[in-house]
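Right, one structure below, let's go through it.
A quick note: this is a predicted structure, and the numbers were derived from the prediction, not measured. Letters A, B, ... are given to chains in the order of the sequence lines, protein chains preceding strands, and every chain is numbered from 1.
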There are 2 protein chains.
Amino acid sequence: MLFGGVVQVNPAESRTPVMADVARLAGVSHQTVSRVVNGHPNVREETVLRVRRAIDELGYHRNSTARALVTRRTNTLGVIAFDTTLFGPAQTLAGIERAAREAGYFLSMVSLDDVSPDGVATAADYLIQQSVEGCVAIAPQRSLVEALAALSGPRPLVTVEGGEGSGLPVVCVDQVQGARDAVHHLLGLGHTTVHHIEGDPLWLESEARVVGWRRALEEAGAPVPEPLQGDWSPRSGYELAFSLVERRAAGERVTAIFVGNDQMAIGVLRALHEAGLNVPGDVSVVGFDDVPEAEYLTPSLTTVYQDFAQVGRESLALLLGEIDRNGSADRIARRVVPARLRVRGSSGPPPP
Amino acid sequence: MLFGGVVQVNPAESRTPVMADVARLAGVSHQTVSRVVNGHPNVREETVLRVRRAIDELGYHRNSTARALVTRRTNTLGVIAFDTTLFGPAQTLAGIERAAREAGYFLSMVSLDDVSPDGVATAADYLIQQSVEGCVAIAPQRSLVEALAALSGPRPLVTVEGGEGSGLPVVCVDQVQGARDAVHHLLGLGHTTVHHIEGDPLWLESEARVVGWRRALEEAGAPVPEPLQGDWSPRSGYELAFSLVERRAAGERVTAIFVGNDQMAIGVLRALHEAGLNVPGDVSVVGFDDVPEAEYLTPSLTTVYQDFAQVGRESLALLLGEIDRNGSADRIARRVVPARLRVRGSSGPPPP
DNA sequence: ATCCTTGATGTTAGCGCTAACAATGTTGGC
DNA sequence: GCCAACATTGTTAGCGCTAACATCAAGGAT
């Protein structure tokens, strides 16, 4: 009241203009300004122009907070992500961001530092606080998905690579099929079996790739060696490859390695090189992800391509559908994006 | 009114609870609830407990929109980024996100698809709409920074790798020093000069690395060959390296290549390998970025490390400072994070 | 001429919250 | 025992916007 009064007396007092200021300048009611701003049809053309001019003159911007309060719509979606510095999550995030912008939504982002239920609850609270209308969780670990499923908010919630059985809608790449294709490719080249260096075993993607790898071997009647557990890092690929090299030296036949991602595959290539083994002459290597540099490694890396942009788009489409449906889902939605094998130089027939 | 009436008559009607609901259940005024929620000191302990219980029972969450409307603070910062799928921007974004969360701010993100002034204006409008209290622009191109500087909002605005002369505060890695260190390292090994494959010449980082490279050569009195212009992609590194190989075949002495980033360096290593040249025996290669796989390439890549997490933290600190200072800056702030050379296997003395 | 429809605008009442002030007790110094 | 100082709680008035209704003029159908 006091402040308002001061402003009345001294109109030169500069503060961000509000709708009433525009209305005064244009000589209309604030409601008419609202109509113009929102593109309401029943406003005389001349009035529209007058209001537009006033808006430009004052540099008016609609206060989205006030609008959100009354419309009860924040127009904001949330994203919960775990480790966006990795290739897949970063790509997916970019895809989601783009799709959200195209759909006219704002995006609010939280990154998880740890996968503890507490950390997840904190992140979820953060988004609830923001009153997001829905949320996408790039939730690659089982414990993370479970923690999210157990929480009451935010909803609706779509998971990316969230696995099955959580009761939450999910978008994912067909990891099982991708891994199967990779292993079939190697078996088709004549390898009697394929060893596997998996990613972080806590990740659902890692799990699914193990399933696909095992299934392909079983389908072909090939022996199934014990998979080695890595953590997605080049270092782990490097170290685990050395343990395979040792087993090879001990007489085991290791001619093909399917690696959980390209970063580890780079470590594997390095280890094999150091061990004096030729790729693909002595050992074939297949990765997963198809990072941009895969084609330019020495040798170029056979790998499995994942369309992360598509995953982003699909998850946003799914989320918007859930928002429209407003919780009345007849069944849990699930969208699967196919993976695609990219055959390059690191895979070939086994040595005689 | 009508709806309100219905709710009154039928309290079982479930809708998200508001402060008044909590107040009624706890037998206090809504203001007391507000005091409890905001940790105001002068509330009797027993009252606090009663209110807390009511909050838990109803699953109440404060409506941040209403709060923002009255406090005139959205508690939200914006990020404008260009191509977050690249290593540097993705890392920086993660650093900013973390720092923002620790400072109690929400983060709203926009990604730019193109660097046209129109695209930038649209992105800026998007954040103004959101009423962000400040903004960080991961703005690696001159045109982008200029477009941002020309706009009236959002403010305050801190740029990352935004160069000088825009009039905007900036946080950056010391690209010039990093490049200089890399070139000094190569000259110190005995190379008579160092060739340069630069990144996308529209990027300021690329420009700064060229400056550092040139300065180091000039300081040493070494000849300065024409730099080759790439686009950060492995493909461009691969193709440009071939043109250097040709010049070598034509008699030019090319024994050391400083490459604008690690991705291109991977392409370079590949091209040299295909040309039958040994690294570092025939040609030394140094990259920039220190991506996680650099250490595990064959040979392991000498490169320049950038502490992106630090850049993220610094830019947020700078932004918060600007917000506090509320536009009364005496001079344009600038924070420089040092780069660090990582010497590995891809650099060595020149052939005799 | 009368009524209803339609278009263009204004008026009013909140959305859920916090700031400011008012109204109580409650304590302690003298 | 009285009053100042303080702690605790309640009351009121908006923040800037949109939805709903009210108003008024200008036709067209009857």
(message) The criterion is side-chain contact (heavy atoms from CB on, under 4.5 Å); which residues satisfy it with A:T122, sequence neighbours excluded?
(response) none

(message) I'd like to check the side-chain contact (heavy atoms from CB on, under 4.5 Å) partners of B:Q141; sequence neighbours left out, ordered by chain and number.
(response) B:F82, B:V115, B:S143, B:L144, B:L202, B:W203

(message) Does anything in residues 121-132 of chain B form a salt bridge (Lys or Arg N to Asp or Glu O under 4.0 Å)? List the pairs, not counting sequence neighbours.
(response) none

Under 3.5 Å, N/O pairs linking protein and nucleotides 18-21 of chain D:
unit_1, atom_1, unit_2, atom_2, d
D:dT18, OP1, A:N38, ND2, 3.0
D:dT18, OP1, A:R67, NH1, 3.1
D:dT18, OP2, A:S34, OG, 2.6
D:dA19, N7, A:Q31, NE2, 3.3
D:dA19, N6, A:Q31, NE2, 2.3

(message) Can you list everything that forms a side-chain contact (heavy atoms from CB on, under 4.5 Å) with A:S131? Sequence neighbours excluded, please.
(response) A:T74, B:S64, B:T65

(request) Kindly write out the residues that satisfy salt bridge (charged side-chain N to carboxylate O under 4.0 Å, His left out) with B:R142, not counting sequence neighbours, or none if the list is empty. (result) B:E207

(message) Under the rule for salt bridge (charged side-chain N to carboxylate O under 4.0 Å, His left out), what residues qualify as partners of A:E164, not counting sequence neighbours?
(response) A:R334

(request) May I have the distance from A:R24 (atom CZ) to D:dG16 (atom C1'), rounded to whole angstrom? (result) 13 Å

(request) Could you check whether B:T32 gets within reach of a base, just the sugar-phosphate, or nothing at all, counting any heavy atom under 4.0 Å? (result) sugar-phosphate

(request) Compare all side-chain heavy atoms of A:L316 with those of A:R98 and state whether any distance is below 4.5 angstrom. (result) no

Donor-acceptor pairs are to be reported for all side-chain atoms of residues 47-56 of chain B against protein atoms at under 3.5 Å, with residues two or more places apart or in another chain.
unit_1, atom_1, unit_2, atom_2, d
B:R50, NE, B:E46, OE2, 3.2
B:R50, NH1, B:A26, O, 2.6

(message) Whole angstroms only, please: what is the CD-C1' distance between B:E46 and C:dG25?
(response) 15 Å

(request) To the nearest Å, give me how far apart CZ (A:R44) and P (D:dA25) are. (result) 14 Å

(request) State which of C:dG10, D:dC15, D:dC17 makes the closest approach to the side chain of B:R72. (result) D:dC15

(message) Which nucleotide wins on minimum distance to the side chain of A:V18, given the candidates D:dC17, C:dG16, D:dT9?
(response) D:dC17

(request) Whenever both distances are under 3.5 Å in a Watson-Crick or G-U wobble pair, mark it; put DNA chain C into dot-bracket that way, with [ ] for crossing pairs and | when the partner is on another strand. (result) ||||||||||||||||||||||||||||||

